[in-house]
**Q** 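I'd like to ask you about the structure that follows.
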Amino acid sequence: MAPTRTIHHPDGSLEIVRVLDDTALVSFAEWDPIAYESSIVWLEDIHEIPFVRFMLATNCETRTGKLLPQNNGRIFGYSKLTVDAPTNPNGFYTRRIFFRFAEDEINLHAPQGVIDPLTIAPGKRGDEFKKRHVPAVKRWRSKISDPRVEAAVQGRTESETRRNREALLGALIPPTGDPTLLNARQILIGRDRFSDVWLKNPTVSSQHCRLNFDSGMWAITDLGSTAGTWVNCEPIRPHEAVPLQSGDQIAVGGFQLKIEY
């Protein structure tokens with residue numbers, strides 16, 4: 001695999017450029033449609049894209065111009081070619097387009113045959129996406145089982161510990177593992193490590209959604225995330241607060257959580 005370098009463009013796109021040394025040059029073969037790739041341009045953060053599909057566009061008029069999807073998909077990236085890249089018999093270039101269908105945006109399970117974008121590089125096809133390990137939901141504090149034990153450990157009186165328990169505003173409950181106790185009126189959920197609930201997974205945006213507690217009720221707001229936020233299997237609109245009932249199911253990227261309060 002030839003070495004690469006990464007360029008961050010002012011428009012927010014990222015370009016992975018192939019370093020054309022002797023090792024790369026000897027691998028060029030006219031019959032290989034991706035052998036002459038000079039770089040891969042990603043239009044969005046590939047760490048927030050769990051998988052992509054790709055197709056070979058055989059009617060490209062330029063080697064390096066921006067490509068548009070040729071189906072009903074959403075384009076995430078495309079390849080650029082070297083100056084000596086050959087054309088096909090019709091005089092067009094062959095280049096790769098990386099995209100996803102609309103149903104991929106809401107599918108929590110990767111379809112068969114899709115590619116992990118983190119493994120794609122110029123001249124490299126990439127590896128088939130495999131489900132990544134999803135860590136347990138972070139907790140702010142330990143689950144309190146007995147006020148007397150908690151008081152002894154923390155050096156507080158039993159009544160003080162009981163008041164702390166009563167101050168809890170609810171819990172987020174994952175399918176497996178311990179619940180996350182809600183003890184603040186505003187909770188930020190995201191992939192950023194400074195989030196109140198840190199979900200370290202590419203399907204979760206840096207600041208994915210926010211929980212707010214007001215007038216005895218929780219509400220959730222999607223913060224413009226890539227994968228979206230779902231409540232009871234229905235997508236919610238970005239930047240609009242949606243009230244939550246106790247027992248509602250929330251999907252954040254690849255995470256399933258139930259809120260109880």
Side-chain angles (χ1 to χ4, degrees), residues 44-45 47-51 74 100-111 129 131-147 150 161-261:
E44 300 189 26
D45 185 357
H47 293 88
E48 295 190 1
I49 310 170
F51 62 84
R74 173 184 173 191
R100 291 175 65 175
F101 291 127
E103 55 266 30
D104 293 336
E105 302 298 324
I106 61 176
N107 190 357
L108 299 180
H109 302 284
F129 176 83
K131 185 176 180 180
R132 297 167 185 160
H133 171 69
V134 178
V137 177
K138 173 188 170 185
R139 294 182 297 164
W140 287 286
R141 51 180 291 186
S142 299
K143 186 177 181 181
I144 302 172
S145 57
D146 188 325
E150 177 68 6
T161 303
R162 184 176 292 107
R163 284 197 299 271
N164 285 338
R165 290 190 64 185
E166 293 171 349
L168 293 176
L169 302 175
L172 291 175
I173 304 174
T176 60
D178 295 324
T180 295
L181 304 182
L182 304 177
N183 53 6
R185 290 181 173 270
Q186 186 174 97
I187 304 296
L188 177 63
I189 302 175
R191 201 184 69 251
D192 189 296
R193 64 189 181 91
F194 295 108
S195 301
D196 298 311
V197 177
W198 181 26
L199 303 179
K200 190 178 178 183
N201 188 275
T203 63
V204 179
S205 296
S206 298
Q207 295 187 358
H208 197 104
C209 59
R210 184 177 58 243
L211 291 171
N212 289 89
F213 187 82
D214 185 47
S215 301
M217 176 171 286
W218 282 100
I220 189 168
T221 303
D222 181 84
L223 301 178
S225 64
T226 299
T229 303
W230 296 64
V231 176
N232 296 330
C233 301
E234 294 290 338
I236 66 174
R237 293 183 178 182
H239 309 294
E240 291 187 10
V242 175
L244 295 171
Q245 302 293 330
S246 184
D248 280 350
Q249 299 287 337
I250 303 169
V252 180
F255 290 85
Q256 296 286 337
L257 303 168
K258 181 173 72 170
I259 187 169
E260 288 192 354
Y261 66 97

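Along the sequence shown, residues are numbered consecutively beginning with 1. It should be emphasised that the depicted structure is a prediction, and the values quoted were computed from it without experimental measurement.
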**Q** Roughly how far, to the nearest 0.5 Å, is the OG1 atom of T221 from the NE2 atom of H239?
**A**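 Here the rounded value is 9.5 Å.
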
**Q** A quick test of your reading: do over 12 heavy atoms of other residues, nucleotides or ligands sit less than 6.0 Å from CD of E44?
**A**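 Enclosed: over 12 neighbouring heavy atoms sit under 6.0 Å from CD of E44.
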
**Q** Would you check if F255 and P174 make a side-chain contact, meaning some heavy-atom pair closer than 4.5 Å?
**A** no

**Q** Are side-chain heavy atoms of L182 and W218 found at a separation under 4.5 Å?
**A** yes

**Q** Taking the six-membered ring of F101 (Phe, Tyr or Trp), confirm whether the NZ or CZ of R74 is under 6.0 Å from its centre and within 45° of its axis.
**A** no

**Q** If you compare all heavy atoms of S205 against all heavy atoms of T226, which two are closest, and at what distance to 0.1 Å?
**A** OG-N, 2.9 Å

**Q** Taking the side chain as C-beta and beyond, is there a heavy-atom pair between C209 and V252 under 4.5 Å?
**A** yes

**Q** I need the D222 CG to T229 OG1 distance, nearest 0.5 Å.
**A**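 Between D222 CG and T229 OG1, I get 3.5 Å after rounding to 0.5 Å.
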
**Q** Does some side-chain heavy atom of L199 sit less than 4.5 Å from a side-chain heavy atom of H208?
**A** no

**Q** Give, for atom CZ of F213 and atom CD of Q186, the distance between the pair rounded to the nearest 0.5 Å.
**A** 13.5 Å

**Q** Does N232 use its side chain to pair, donor to acceptor, with the backbone of Q249 at less than 3.5 Å?
**A** yes

**Q** Kindly indicate whether the side chain of Q256, heavy atoms from C-beta on, has any atom under 4.5 Å from the side chain of I250.
**A**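 Answer no - side chains too far apart.
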
**Q** Rounded to the nearest 0.5 Å, what separation is found between the CZ atom of F194 and the CG atom of L188?
**A**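 That separation rounds to 12.0 Å.
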
**Q** Scan L172, D248, T180, I173 and name whichever one has a side chain to side chain contact (heavy atoms under 4.5 Å, CB included) with L257.
**A**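 Only one of L172, D248, T180, I173 forms a side chain to side chain contact (heavy atoms under 4.5 Å, CB included) with L257, namely L172.
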
**Q** For the residue pair D192 / S195, report whether a side-chain donor-acceptor contact shorter than 3.5 Å exists.
**A**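 The answer is no; no qualifying pair exists.
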
**Q** Measuring only between side-chain heavy atoms, which start at C-beta, is I220 closer than 4.5 Å to R210?
**A** no

**Q** If you measure from CG on L211 to CD1 on I189, what distance do you get to the nearest 0.5 Å?
**A** 4.5 Å

**Q** Kindly indicate whether the side chain of Q245, heavy atoms from C-beta on, has any atom under 4.5 Å from the side chain of M217.
**A** yes

